[in-house]
Amino acid sequence: MKLRILVPTLVLALAAPTVVAARYAGGAGAPQRVTIDAKRFVFIPSEFTVKKGEPVTLVLTDEDVAHGIKFAEFNVNLKGAKGQTKEITFTPAVAGDFVGQCSNFCGKGHGDMKLTMHVTE
Ligand SMILES: [Cu+2]
């Protein structure tokens with residue numbers, strides 16, 4: 001009788017830490033990381049795809065001068081710094097294609113420095 005109670009308790013005790021570890025080690029719920037390099041006057045890649053309602057982290061590395069990424073529809077404005085990597089996390093609430101732009105004046109091609117985010121259902 002004691003063994004019948006002890007075995008399920010032991011199984012639960014051993015399984016619980018595994019579930020917790022998965023949740024905090026990039027499992028379900030962790031933001032999707034999108035790595036973007038910026039240099040005059042391009043973003044690499046120039047487009048990427050994310051899912052509506054799921055958190056996204058944009059990781060921006062500015063190779064030459066300070067750039068930035070702005071998606072006005074999502075109130076996102078990530079300010080970069082020369083030679084550094086900066087990031088911002090947000091959750092896109094609507095699906096569609098959105099054009100972002102460099103948010104830090106970086107020279108004569110600045111106005112054409114854009115990237116597209118595809119948000120799927
Ligand atoms: Cu710019």
Side-chain angles (χ1 to χ4, degrees):
M1 189 66 185
K2 270 187 180 174
L3 194 63
R4 279 190 183 165
I5 296 166
L6 187 64
V7 169
T9 304
L10 253 178
V11 168
L12 275 178
L14 291 174
T18 308
V19 171
V20 170
R23 189 171 293 163
Y24 291 102
Q32 174 186 349
R33 292 178 74 80
V34 178
T35 302
I36 299 165
D37 287 342
K39 62 183 178 184
R40 288 176 171 149
F41 296 98
V42 291
F43 289 109
I44 303 165
S46 62
E47 56 185 296
F48 59 93
T49 302
V50 299
K51 287 201 84 174
K52 175 186 163 186
E54 295 188 5
V56 178
T57 299
L58 299 182
V59 183
L60 172 69
T61 300
D62 292 346
E63 294 181 7
D64 44 12
V65 298
H67 298 280
I69 295 177
K70 183 176 186 177
F71 283 100
E73 297 87 347
F74 299 106
N75 205 22
V76 166
N77 191 355
L78 173 58
K79 292 288 188 185
K82 178 181 178 178
Q84 294 184 32
T85 298
K86 305 274 185 176
E87 59 184 64
I88 190 170
T89 299
F90 67 101
T91 301
V94 285
D97 293 336
F98 302 91
V99 176
Q101 58 196 46
C102 180
S103 59
N104 199 29
F105 185 79
C106 55
K108 63 180 168 67
H110 167 74
D112 296 323
M113 196 168 165
K114 296 179 176 175
L115 77 171
T116 302
M117 174 169 61
H118 306 285
V119 182
T120 60
E121 288 286 348

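For reference, positions follow the sequence shown, starting with 1.
Closest heavy-atom contact between Leu115 and Gln101: CD2-N, 4.3 Å. Listed here is the closest heavy atom pair of Phe41 and His110: CD2-N, 3.5 Å. Closest of all the heavy-atom pairs between Thr89 and Pro55 is CG2-CB, 4.5 Å. Residues Lys51 and Val119 share a closest heavy-atom pair of C-CG1, 4.1 Å. In terms of heavy-atom proximity, Ala66 sits nearest to Cys106 at O-CB, 4.0 Å.
Side-chain contact between Leu58 and Phe71 is present, with at least one heavy-atom pair separated by less than 4.5 Å. Between Val50 and Val34 the shortest side-chain heavy-atom distance falls below 4.5 Å.
Of the charged side-chain nitrogens involved, at least one lies within less than 4.0 Å of a carboxylate oxygen, so that Glu87 and Arg33 count as a salt-bridged pair.
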Between His67 and Asp62, is the side chain to side chain donor-acceptor pair (under 3.5 Å) condition met? List the steps.
CA-CA 6 Å; His67 298 280; Asp62 292 346; 5.4 Å; no
Could you give me the CA-CA distance, side-chain angles and deciding distance for Cys102 and Phe43, then say whether side-chain contact (heavy atoms from CB on, under 4.5 Å) is met?
CA-CA 9 Å; Cys102 180; Phe43 289 109; 4.0 Å; yes
Ser103/Asn77 under side chain to side chain donor-acceptor pair (under 3.5 Å): CA gap, chis, key distance, verdict
CA-CA 7 Å; Ser103 59; Asn77 191 355; 2.8 Å; yes
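With hydrogens and angles ignored, the 3.5 Å screen pairs no side-chain donor or acceptor of Glu63 with any backbone N or O of Gln84.
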